[in-house]
Amino acid sequence: MLKTDVRYLKGVGPARSRQLSKLGIETIGDLLLHVPRGYNDRRLITPVQKLVPGEEANVSGTIVSSGYLKSRKGKRRFEAILKDDTGDLKLTFFHFRYIADKLSTGTQVIASGKVEIFGGITIVHPELVFLDEKTSDTRFVIPVYPLTAGITQGVMRKLVEAVLEMYASAMPEVLPSDVLESMGWKNRGEIVRKVHFPDDPEQGERARRTLALEELFIHQALLNHIRSRASQRVGIGMIPPDGSLAKFVSGLPYSLTGAQQKALDVITADLGRSVPMRRLLQGDVGSGKTVVAAAACTVCCKSGYQAVMVAPTEVLASQHYRTVSLMLEPVGIRCGLLTGGTKASDRKVLLESLKDGSLDVLIGTHAVFEDRVVIPGMGLCIIDEQHKFGVEQREKLLSGREPSPHFMLMSATPIPRTLAMTVYGDLDMTVLDEMPPGRGITTTRIMNRDARNEVYQFLMDRLVSGERAYIIYPLRETSEELDLKDANTSFEILKRGPLGDFGIGLLTGAMKPEDKLTVTNRFVSGEISVLVSTTVVEVGLDVPEATIIVVAHADRFGLSQLHQLRGRIGRGGRDSWCFLMKDKGCGAEAARRLDILASTHNGFRIAEQDLKLRGPGEVAGTRQHGVPVFRIASLIDDTDLFMEAANLANRGSFLKLIKEEYGWRFRGLDIPEL
Ligand code: ADP
Ligand code: MG
């Protein structure tokens with residue numbers, strides 16, 4: 001019944017149902033859960049004298065005159081004058097078939113609507129409550145809905161009223177009854193009724209919060225289900241020979257941070273169990289996730305299995321290959337690199353050595369998931385910085401194999417805890433909350449564009465002493481509409497200037513993979529000292545000698561993006577500088593973003609602010625992450641409910657409930673098959 005198409009409702013034809021679908025309303029259930037964005041409490045009365053044009057208001061008074069008028073074009077309208085103790089307000093109607101008769105002199109009404117200036121102060125087509133009419137359906141608190149073109153508040157209210165009457169009492173229960181009771185409700189029908197037509201706005205908000213909890217509970221129950229199903233899979237208990245991990249660790253040029261050691265302990269324990277690991281290793285940029293991954297590979301390979309490590313780009317994959325093989329080869333673990341750019345002859349050799357087991361760790365891009373890549377002893381799969389790896393893809397990767405390999409996702413996206421719960425709720429989480437010691441200090445400066453010569457002078461002084469710099473542009477190529485410097489043009493200009501003497505290279509997303517690799521390698525080796533680029537360097541590039549990043553048109557970038565960019569420096573022992581170049585026309589919000597960035601290095605705080613400024617869909621590509629679009633719960637205002645929902649979902653298994661509710665409520669998401 002909840003899944004019944006709204007078209008079957010009386011008064012909903014093809015046109016109306018098209019309008020409704022723009023609001024995400026396809027079914028009766030959608031309509032019932034189309035919660036108001038607020039309420040108009042018509043008992044809150046504004047005196048005529050205090051009315052402000054452009055604002056919504058309720059005005060209470062007596063009609064003192066009314067009549068028909070004609071515009072210059074000959075169009076008729078109906079006007080009534082409403083009087084209270086402080087003054088007169090005009091009520092204007094262009095459609096007046098039913099209303100004119102009711103607004104005779106002496107009638108007492110509350111008129112609600114937006115105050116406008118239209119030949120004096122007026123409300124056009126106000127909603128009316130007739131005070132002397134003692135009809136039972138006179139509601140003082142009315143819902144205000146999100147709308148779309150063609151649908152008015154009145155239309156929406158009538159539709160909702162109709163479905164409430166027919167369906168509310170028949171809604172199946174979702175939240176456990178003791179929870180309902182403790183929140184002051186008898187049943188779900190009551191909550192849904194009161195969210196639309198509460199006795200007062202507070203009750204409406206209480207109902208909304210209950211429905212938000214319900215929504216989060218269903219989502220959390222689904223994640224629990226996926227998690228528990230995964231834990232029933234047969235995994236591989238990996239117990240490496242004594243001392244092999246210690247040997248790896250002692251071979252490192254540094255000692256592990258406390259956070260790295262703790263993460264490694266947890267991961268080693270996971271790997272030792274015959275239940276497949278499903279873990280998120282979250283750590284801010286520069287926190288040192290790679291070495292933890294390499295240690296996990298050590299446990300895996302020394303136990304006789306093979307490991308796969310996947311990066312989102314060729315540049316990152318080859319960087320991983322370089323650093324990880326440097327760590328692993330000394331302990332006798334063989335690594336190979338496979339990307340889309342790998343030569344056919346090399347690939348053949350690689351695939352052979354995977355098959356015969358002589359290759360232990362395969363590092364690469366998505367190319368490693370191709371069918372022809374056969375890894376007979378695959379025991380561990382690590383995915384780094386992979387934004388587009390949603391719940392469903394994780395399922396696909398892991399469900400096909402028996403025994404199921406261990407899985408670890410590494411992310412530098414410092415998403416707030418609430419968001420993490422919704423995105424990664426089916427994974428266990430470990431956080432690297434400590435930076436490796438001995439890092440220099442990073443200073444962030446917001447500079448006006450006029451000051452760029454100063455910045456370049458500073459930059460050259462550092463380059464002289466052997467340091468390296470990134471210069472980042474928002475665009476790759478010139479744009480007709482936007483008066484912005486782009487990477488290509490600027491590179492050509494800078495190359496011919498004094499920076500050219502230090503060796504300067506260009507890295508953009510459109511370049512051929514091998515060219516990207518060449519220029520990155522030249523920057524890594526120090527052959528060139530300046531890398532001009534776009535946001536392609538945003539993720540993961542690790543060059544400890546780089547101490548300066550100049551971001552042109554910094555106000556064009558998002559907060560999390562800038563944080564990731566800044567994470568490219570401050571990776572060595574020397575002090576670093578981040579220059580955020582601000583345009584003259586930079587708006588207030590963009591300026592606020594830059595200030596936030598200059599004031600903190602804490603990625604979690606930055607993400608939290610980002611969430612507030614931009615909303616969850618925009619935060620660090622969460623949209624691609626497959627963050628469910630909650631229609632009732634707010635990731636910002638309802639954070640306390642997330643924990644509550646998780647606790648409720650832990651009470652038991654709710655498979656039947658999930659099957660009934662999940663599909664229609666979270667439509668459009670990648671939904672794992674149940
Ligand atoms: P991210 O978490 O951003 O992927 P990386 O793994 O690239 O970070 O590490 C950042 C830098 O810190 C690298 O140059 C790495 O060699 C260095 N590093 C990692 N762990 C330590 C440590 N415990 N002590 C000192 N330096 C470390
Ligand atoms: Mg990394």
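No hydrogens, no waters, no symmetry mates; every other heavy atom, side chains included, goes into these values. Whatever order the structure lists ligands and atoms in, that order sets their numbers, starting from 1. Since we're looking at a predicted model, the values are computed, not measured.
Contacts of Q260 with ligand 1, taken as heavy-atom pairs under 4.0 Å, involve the side chain alone. Contacts of A412 with ligand 1, taken as heavy-atom pairs under 4.0 Å, are absent altogether. Of all the heavy atoms of R439, the ones lying under 4.0 Å from any atom of ligand 1 belong exclusively to the side chain.
Shown in contact with G288 at under 4.0 Å from a heavy atom are these atoms of ligand 1, numbered in order with element: 1 (P), 2 (O), 5 (P), 6 (O), 8 (O), 9 (O), 19 (C). Near S255, with a cut-off below 4.0 Å to any heavy atom, the atoms of ligand 1 are 22 (C), 23 (N), 24 (N). Atoms of ligand 1 found under 4.0 Å from any heavy atom of V285 (numbered from 1 in listed order, with element): 3 (O). Listed by number with element, the atoms of ligand 1 under 4.0 angstrom from any heavy atom of T257 are 23 (N).
Counting only non-hydrogen atoms, the option in V543, V324, T290, T323 that gets closest to atom 4 (O) of ligand 1 is T290.
Rounded to the nearest 0.5 angstrom, R571 CZ and T547 OG1 are separated by 13.5 Å.
Taking the six-membered ring for Trp and the full ring otherwise, the centers of F491 and Y473 sit at least 6.0 Å from each other.
Here the closest non-hydrogen pair linking S576 and I569 is CB-CD1, 3.8 Å. The shortest non-hydrogen separation linking A263 to L432 is CB-CD2, 3.8 Å. The heavy-atom pair separating Q319 from D542 by the smallest distance is OE1-N, 2.7 Å.
Neither side chain, D284 nor H601, offers a donor N or O lying under 3.5 Å from an acceptor on the other.
A salt bridge links R227 and D428; the closest N-O separation between the charged side-chain nitrogens and carboxylate oxygens is under 4.0 Å. With salt bridges taken as basic N to acidic carboxylate O contacts below 4.0 Å, none links K512 and E514.
Checked against a 3.5 angstrom limit, the closest N/O atoms of L256 and ligand 1 fall outside it.
At least one heavy atom of S287 lies less than 4.0 angstrom from ligand 1. Using a 4.0 angstrom heavy-atom cutoff, G438 does not count as in contact with ligand 1.
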